[in-house]
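Every heavy atom of this structure was used, including side-chain atoms; hydrogens, water molecules and symmetry mates were not. All chains are named by letter (A, B, ...) in the order of the sequence lines, taking the proteins before the strands, and each is independently numbered beginning at 1.
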Amino acid sequence: MEYDFRKIENKWQKYWAENKIYKVEINDKPKYYVLDMFPYPSGAGLHVGHPLGYIASDIFSRYKRLCGFNVLHPMGYDAYGLPAEQYAIQTGQHPSITTETNINRYRNQLDKIGFCFDWDREVRTCDPKYYKWTQWTFIKMFNSYYCNQAQQARPISELIEVFAQQGTRNLDLACSKQMQFTAEEWNLKNEKEQQEILLNYRIAYLADTTVNWCSALGTVLANDEVSEGLSIRGGYPVEQKIMKQWSLRVSAYAQRLLDDLEKLDWSESLKETQRNWIGRSEGAEVNFYIENLNTELPVFTTRADTVFGVTFMVLAPESEYVDKLTTDNQKQAVAQYLERTKHRTERERIADKSITGVFTGSYAINPVKGNKIPIWISDYVLAGYGTGMIMAVPAHDSRDYAFAKHFDLPVIPLIEGCDVSVESFDAKDGIMINSGFLNGLTVSQAIETAKKYIEENGIGKRKVNYRLRDAIFSRQRYWGEPFPVYYKQEMPYTLNEDKLPLELPEIDKFLPAETGEPPLGRAKNWQTAEGYPLELSTMPGFAGSSAYYLRYMDPHNDNRLVSAEANQYWRNVDLYVGGTEHATGHLIYSRFWNKFLFDCGLIVENEPFKKLVNQGMIQGRSNFVYRVKGTNRFVSLGLKDKYDTTEIHVDVNIVKNDILDIDRFTKWMPEFNDAEFILEDGKYICGYAIEKMSKSMYNVVNPDVIVDSYGADTLRMYEMFLGPIEQSKPWDTNGIDGVYRFLRRFWALYFDRDGNFNMSDEKANQQELKCLHKTIKKIQTDIENFSFNTSVSAFMICVNELMSLKCNKREILEPLVIILSPFAPHIAEELWHLCGHATSVCDAVFPKYNEEFLTENTFEYPVSFNGKMRFKKELPLTFTVKQVEEAIITDDTTQKWLDGKTPKKVIVVVGKIVNVVI
RNA sequence: GCCUUGGUGGUGGAAUUGGUAGACACGCGGGACUUAAAAUCCCGUGAGCAGUAAUGCUUGUGCGGGUUCAAGUCCCGCCCGAGGUACCA
């Protein structure tokens, strides 16, 4: 019987769906949770790169299930997003319709690949039943503060009580800006004033913040949504602007996010990316006395040792101290400078590195040296980092150096023997000079000594700074979760939980309102029953994706985010598979979100994703044809140098193994109808290039096309065979035939010459058993190591061997079906049923290998030695002492190493590798 | 600049973690079957040299050194690619 993959795949996909084979419930087996990053359903549908990670996780899920685990492997959709909204703006079609259509298309494509998802647990972030819990968590965050002493989020009600009793005394709280007040002061404040203060401590808070404003998109963006001054989506310019926005106090969790990375089984590079993003730096906050303000201002430095070399101070243009420090005669110059920097976008600032700045007119006093130093303003200092002001040490910081040279400020070298006439000396080694009590120390000693001095003399304190900022949580868009927030006396209050979900209202147009308000400004009656106005912004994309993994545990629960029982059982994700592009976005937010819920005692695990595997990107492999200029003649790749040609992208779907299907090409586009061809060896060979997979390059390969012509099992195995899962690689169908052939050969093992299903019950011999057990062992270790490309090879070797042995024995072939089933579930299911089983192959048990069949021939040799060696000559399966001796002696290096001694015990494995013992 | 990764045939990629480098697959060459093609199957395939041949020898994992009986793998110094990050004080 022929291997009819269409028939087989349709049959079993239907069977799986109808019988809910992959439905999971809590039971008494051990659990295993495998999660894919859920997709944003874009209009373009899935391309061949998307399923790569899904296939890997599917194989793993199926394998774990065969090993006796109760495997949770759900799927859903990250359904809020900009493309649907932009499409809505252009066409007027409601984003929910676009989203629904796209989801259906995705589902259709996913179903064809034969995944073992439990679709009963599907979630969509735009579903009110789902986002009810996103809003609910937001309310929790609004009603919490972060206690630095306990390193934990706590209810805000607790803080209100403390304020009423002791004010801010003895408190160490995460906040937007340091505040100090007594209980009396607190108690005298009115409701609005108290609410204002509380916003400074809430984990979800509303505040004036410097934000990335993208006017082309009409919304603010988070740091991870901006790269090099351009928005990641769309590539529009982004500028810095101060706006009142919702933020999440992620920075409070910086240290925990950093520390807990240690426990995670993630790739080193991903952890490193997160460490960089969190950006912990240890240093000190040093107070500088400001003469004309009669006050002290702190600056942050990691180089406290260089305090004797401070020759000026620099303030960020956005700093709140700019006004206070500007003296009357500098007012105009400063105003001019601010005007200029304000209108520069982030991108311009990066592109144009010319040095700019202006003197404020004020001076500070060096706390160790007592001299007067001028205070400048420059945009090379960032308002959002440290205190927005720096002490400049031009001799040992290249940026300060450039500034000093440009404005002709003094440079004082602090390290013995360094030459600062042309550039600064940034390295942290050498012996200190010109530095008072630090003279003669090494730099690292000096840093420590200086910090100690600063603390002991009340000049400042040790301080740890983080680069990680709070996440801006408002978006001026329509297609997102509404905030469960209303305003009373201009202060935000959250809705009662029983009002949730607060559903997204209908609006007539999806553009911002004429008033300049976000789109929700167009909604009618967007207010509470009492008539208080509701928040007009919506939440960003990461709101819905931060805790979706919890919702899968208990997706239909309307009373809890997740029941204690379900959470106790499923705990957290054992294996998370997805792209590395989420390293500084989703994967930080999700960890933060999870830790917050953990602090609230709502969930049992403090990290969401134990093990994480990043699948590589699949790039496109474009094909080209070469048109002779000014004609409609096309010349094959090998001959193109003889002509003057233009390179034209050609649809990769009409090219096979770089050979152009001429017939289809002429029909592809009208202009090619009468094309002529200059062939080589009767074929038209196309050129190729590796590029991003995109429509405009005609290199998008749709998985449906592959499934149609080769079947889902071939697609699955081929995607795995392509190379290591973490590696990026171009999609290249050149090898797919090999995998297809393998499956057909595999199929043929189970059928006799006449095409009848045929297995014998005869006992397997040693060789057949070895072949099987070798394969079981290899596949098992490969799956556990996520090395799927080598697994596919192992199957190929196994089948080739069994074919040459003409093996048709049940004892061998039946276990083989089971170990193949994670990779090619359809063909395995068919064969499993043909073997006479009534239940699905996924309920079988992964066979155990027997080491006995794998090792042979242990041989005792009468002399002494220690170490490892190998034979140059291969030994036969059975051999004599003499043969061993000969084998050893023929090997020069071994002989040299033996140095006249003779081994005592020689262990031979499969005639090859030998352990030799003294 | 800093951090993280990689660099192996014509191509994608293997290598039990220090033990016959190039598994498996593609491609290519040769053959069988066929009227023919497709499909299928078999043989060969890193490079170089010698031989009628089985085979033998030399060389070979980005470059240069080192450790070791033995290095793609470990150590030192470079070169190149990919990704992350960057006026972060």
Check the distance between [N]'s [atom2] and [X]'s [atom1] and give it to me in whole angstrom.
X	N	atom1	atom2	answer
Ile797(A)	U16(B)	CD1	P	14 Å
Glu423(A)	C87(B)	CD	P	21 Å
Phe742(A)	C24(B)	CZ	P	14 Å
Leu315(A)	C87(B)	CG	C1'	16 Å
Asp379(A)	A89(B)	CG	C1'	15 Å
Asp782(A)	U16(B)	CG	C1'	11 Å
Met313(A)	A89(B)	CE	C1'	11 Å
Phe788(A)	A14(B)	CZ	P	14 Å

Discussion item. Suppose we screen for salt bridge (Lys or Arg N to Asp or Glu O under 4.0 Å). Which residues come up paired with Asp713(A), at least two apart in sequence or across chains?
Written reply: none
Worksheet item: When you match Ile390(A) and Gly738(A) each to their closest nucleotide on RNA chain B, which lands nearer the 5' end?
Response: Gly738(A)
By the 4.0 Å heavy-atom rule, please label [X] as base, sugar-phosphate, or nothing.
X	answer
Asn789(A)	sugar-phosphate
Ser398(A)	nothing
Asn465(A)	nothing

Practice prompt. For A89(B), take OP1 and OP2 only and decide whether either is under 4.0 Å from a side-chain N or O of Tyr385(A).
Written response: yes
Discussion item. Below the 4.0 Å mark, does G83(B) have OP1 or OP2 next to a side-chain nitrogen or oxygen of Thr273(A)?
Written reply: no
Holding to side chain to side chain contact (heavy atoms under 4.5 Å, CB included), I want the full list of residues that pass it with [X], two or more places apart in sequence or in another chain.
X	value
Tyr684(A)	Val625(A), Tyr626(A), Phe634(A), Ser636(A), Leu660(A), Ile662(A), Phe677(A), Leu679(A), Cys686(A)
Ser435(A)	Phe308(A), Leu414(A), Met432(A), Leu438(A), Asn439(A)
Asn287(A)	Glu296(A), Pro298(A)
Glu581(A)	none

Fill in: Under the ring-ring contact (aromatic ring centres under 6.0 Å, His included) test, residues paired with Tyr718(A) that sit two or more places apart
Trp731(A)
Discussion item. Restricting to ring-ring contact (aromatic ring centres under 6.0 Å, His included), what partner residues turn up for Tyr849(A), sequence neighbours left out?
Written reply: none
Kindly point out which of [options] is positioned nearest to the side chain of [X]?
X	options	result
Pro724(A)	G13(B), G84(B), C87(B)	G13(B)
Asn734(A)	A25(B), A89(B), C26(B)	C26(B)
Arg467(A)	A89(B), C88(B), A25(B)	C88(B)
Phe721(A)	C24(B), C88(B), C87(B)	C24(B)

Take atom [atom1] in [N] and the same atom in [M], then report the distance between them in whole Å.
N	M	atom1	result
U5(B)	A53(B)	C1'	49 Å
U8(B)	U61(B)	C1'	4 Å
G44(B)	G84(B)	C1'	46 Å

Fill in: Watson-Crick or G-U pairs under 3.5 Å in RNA chain B, rendered as dot-bracket with [ ] for crossing pairs and | for another strand
(((((((..(((......[....)))((((((.......))))))(((((....)))))..(((((..]....))))))))))))....
Practice prompt. Please test Phe786(A) against Phe788(A) for ring-ring contact (aromatic ring centres under 6.0 Å, His included), starting from the C-alpha separation and ending with a verdict.
Written response: CA-CA 6 Å; Phe786(A) 247 74; Phe788(A) 298 121; 5.0 Å; yes
If you restrict it to nitrogen or oxygen atoms, what contacts under 3.5 Å exist between nucleotides 39-41 of chain B and the protein, and what is each distance?
residue: A39(B); atom: O3'; partner: Arg744(A); partner atom: NH2; Å: 3.4
residue: U40(B); atom: OP1; partner: Arg744(A); partner atom: NH2; Å: 2.5

Practice prompt. Could you label the plane-to-plane angle of the Tyr740(A) and Tyr710(A) rings as parallel, tilted or perpendicular, counting under 30° as parallel and over 60° as perpendicular?
Written response: perpendicular
Worksheet item: Salt bridge between Glu262(A) and Arg275(A), side-chain N to carboxylate O under 4.0 Å?
Response: yes
Worksheet item: Which pairs with one or both residues in residues 383-392 of chain A pass salt bridge (Lys or Arg N to Asp or Glu O under 4.0 Å), sequence neighbours excluded?
Response: none
Worksheet item: Tell me, which pairs form a salt bridge (Lys or Arg N to Asp or Glu O under 4.0 Å) where one or both residues lie in residues 791-806 of chain A, sequence neighbours left out?
Response: Lys774(A)-Glu801(A)
Worksheet item: What do you reckon, is CD of Glu784(A) surrounded by more than 12 foreign heavy atoms closer than 6.0 Å?
Response: yes
Close N or O pairs between protein and nucleotides 2-7 of chain B (under 3.5 Å):
residue: C3(B); atom: O2'; partner: Glu272(A); partner atom: OE2; Å: 2.9

